[in-house]
Amino acid sequence: MGSDNHPPKPPKTPPAPANKNVGDALRAVYREAVEEAVPDDLLDLLKKLD
């Protein structure tokens with residue numbers, strides 16, 4: 001008889017659309033970072049290490 005006093009439990013995972021939006025945003029930021037050109041100054045420094 002005591003089991004009727006418990007409130008319903010919230011879902012353990014957020015809804016799928018929220019996860020998809022975060023994943024899409026992270027992929028877009030990663031893609032932009034990968035496509036950025038390496039500055040010439042950094043390339044010159046790397047050549048000096050050889």
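Note: hydrogens, waters and symmetry copies are ignored here, and every other heavy atom, side chains too, is used.
Within the model, atoms CG of D41 and CG of L46 stand 11.0 Å from one another, a figure rounded to the nearest 0.5 Å.
Surrounding CG of D40 are at most 12 heavy atoms belonging to other residues, nucleotides or ligands under 6.0 Å away.
With respect to the salt-bridge test (charged N to carboxylate O, under 4.0 angstrom), the residues K47 and D50 do not qualify.
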